[in-house]
> 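Mind looking over this structure? Questions follow.
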Amino acid sequence: MRVALSGAAYVGPVGTTAPTDSVSSWPDDVTDIGWISDEGIAESNSTDTTEIKGWQGGQTVRKVISSSEMTFKFTAIETSKTVLELYHKGSKVVTTSAKSVLAIKAPGPDRRFYGFDVIDGDSHIRIVVPDGEVTETGDITYKSDEAVAYELTITAYPGPDGTVAIKYSNDPAWESAPAA
């Protein structure tokens, strides 16, 4: 049994060459998103199906997948240039003379590379999303007894071969077949 004790979320430009294992360093053009809330990172896979009914009795004889989606949801609890620009798609933090300004624009397309590390002691799972985008954001609450938090949902888009994400692990359990 594994527990996700710790980990990290990363972002970089689409086209980033990702590591091909679970423990190599991330490339220089990939940025650590920073602190993630104790809820961790939630991976979700959903599919919609269309039922094909038989004429004889109206029974379902087949289900065809009509759409599918893979998402990753987490809450960043660090207010940084990276997080602000992810939350406010299409907006950029500009700093001049030690003064930073974020002019918030209407969101537009902002596809990027994403990576996630999930760590349990020596066990390490790495998830690479070569092409993803923030497609949902939660409310920002400004309170005296809570961290300012930025809820982000990343949708993974398929590449030419249909791959939406790649997982790597150094966990020996991935290599062994279940007992019969």
Side-chain angles (χ1 to χ4, degrees), residues 3-46 69-120 123-159 163-169:
V3 177
L5 294 178
S6 184
Y10 302 89
V11 63
V14 169
T16 295
T17 301
T20 56
D21 61 42
S22 63
V23 294
S24 294
S25 297
W26 289 95
D28 291 339
D29 58 348
V30 172
T31 302
D32 186 336
I33 291 172
W35 284 98
I36 304 295
S37 76
D38 62 357
E39 296 168 353
I41 299 169
E43 175 186 325
S44 178
N45 292 283
S46 63
E69 181 177 73
M70 181 179 216
T71 61
F72 298 87
K73 182 177 181 179
F74 60 92
T75 302
I77 57 171
E78 183 171 317
T79 302
S80 67
K81 178 181 188 301
T82 299
V83 171
L84 290 170
E85 290 178 356
L86 287 173
Y87 186 87
H88 298 287
K89 288 174 38 168
S91 302
K92 299 290 180 201
V93 174
V94 177
T95 304
T96 55
S97 303
K99 176 183 167 187
S100 295
V101 176
L102 174 64
I104 300 169
K105 299 180 180 184
D110 188 21
R111 291 166 84 140
R112 301 183 190 209
F113 167 97
Y114 291 90
F116 305 100
D117 285 333
V118 181
I119 302 166
D120 180 6
S123 176
H124 194 149
I125 296 171
R126 173 163 289 162
I127 304 165
V128 172
V129 177
D131 185 5
E133 183 173 28
V134 174
T135 52
E136 292 180 39
T137 57
D139 295 337
I140 301 173
T141 303
Y142 302 100
K143 281 182 68 177
S144 63
D145 61 345
E146 290 182 16
V148 176
Y150 306 88
E151 185 179 296
L152 303 168
T153 300
I154 311 299
T155 298
Y157 296 129
T163 300
V164 294
I166 304 159
K167 291 185 178 184
Y168 301 99
S169 178

> Can you pull the salt bridge (Lys or Arg N to Asp or Glu O under 4.0 Å) pairs that have at least one residue in residues 76-94, sequence neighbours excluded?
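Only K81-E85, K89-E133 qualify under salt bridge (Lys or Arg N to Asp or Glu O under 4.0 Å).
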> If every non-hydrogen atom of S100 is compared with every non-hydrogen atom of V93, which pair is closest and at what distance?
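Closest approach of S100 to V93: CB-CG1, 4.0 Å.
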> Within the 4.5 Å heavy-atom criterion, are L152 and Y114 side-chain neighbours or not?
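Sidechains of Y114 and L152: no contact.
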> How long is the straight-line distance from CD of E69 back to OH of Y157, given to the nearest 0.5 Å?
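If I round to the nearest 0.5 Å, the distance is 8.0 Å.
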> Report yes if some heavy atom in the side chain of V128 is under 4.5 Å from a heavy atom in the side chain of F113; otherwise report no.
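With C-beta onward as the side chain, the pair touches.
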> Looking only at heavy atoms, which two atoms of I41 and A9 are closest? And how far apart?
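In terms of heavy atoms, the two residues are closest at CD1-CB, 4.4 Å.
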> Write down the atom of V129, the atom of A165, and the distance for their closest heavy-atom approach.
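Taking V129 first and A165 second, the nearest heavy atoms are CG2-CB, 4.2 Å.
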> Can you name the closest pair of heavy atoms from I36 and F74 and give their distance?
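What the structure gives for the nearest pair is CD1-CD1, 3.4 Å.
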> What's the spacing between D110 CG and L86 CG if we round to 0.5 Å?
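If I round to the nearest 0.5 Å, the distance is 7.0 Å.
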> With a 4.5 Å heavy-atom cut-off, do F72 and F116 have their side chains touching?
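Yes. Closest side-chain heavy atoms under 4.5 Å.
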> Quick one: do D120 and V118 satisfy side chain to side chain contact (heavy atoms under 4.5 Å, CB included)? Show the steps, please.
CA-CA 7 Å; D120 180 6; V118 181; over 6 Å; no
> Is S91 close to P107 at the side-chain level, that is, under 4.5 Å between some pair of heavy atoms?
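Answer no - side chains too far apart.
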> Could you give me the CA-CA distance, side-chain angles and deciding distance for V134 and Y87, then say whether side chain to side chain contact (heavy atoms under 4.5 Å, CB included) is met?
CA-CA 8 Å; V134 174; Y87 186 87; over 6 Å; no
> Under the salt bridge (charged side-chain N to carboxylate O under 4.0 Å, His left out) test, which residues partner D29, sequence neighbours left out?
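Partners of D29 under the salt bridge (charged side-chain N to carboxylate O under 4.0 Å, His left out) test: none.
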> Does the side chain of V101 reach to within under 4.5 Å of the side chain of K99, using non-hydrogen atoms?
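Of all side-chain heavy-atom pairs linking K99 with V101, at least one is under 4.5 Å.
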> In the structure I gave you, are the side-chain heavy atoms of T79 and L84 within less than 4.5 Å of one another anywhere?
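Yes; the side chains approach each other to less than 4.5 Å.
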> How many angstroms lie between atom CD1 of I125 and atom CD of E43, to the nearest 0.5 angstrom?
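Spacing of CD1 (I125) from CD (E43) equals 9.5 Å.
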> Would you indicate whether the side-chain heavy atoms of W26 and P19 approach each other to under 4.5 Å?
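Yes, side chains in contact.
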> What's the spacing between Y10 OH and T82 OG1 if we round to 0.5 Å?
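It comes to 12.5 Å.
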> If I take atom CD1 from residue I77 and atom CD from residue E151, how far apart are they, to the nearest 0.5 angstrom?
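CD of E151 is found 13.5 Å from CD1 of I77.
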> Look at the side chain of H88 and the backbone N and O of I104, then say whether any donor-acceptor pair between them is shorter than 3.5 Å.
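Side chain of H88 to backbone of I104: no pair is present.
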> What's the spacing between D32 CG and W35 CH2 if we round to 0.5 Å?
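Between D32 CG and W35 CH2, I get 10.0 Å after rounding to 0.5 Å.
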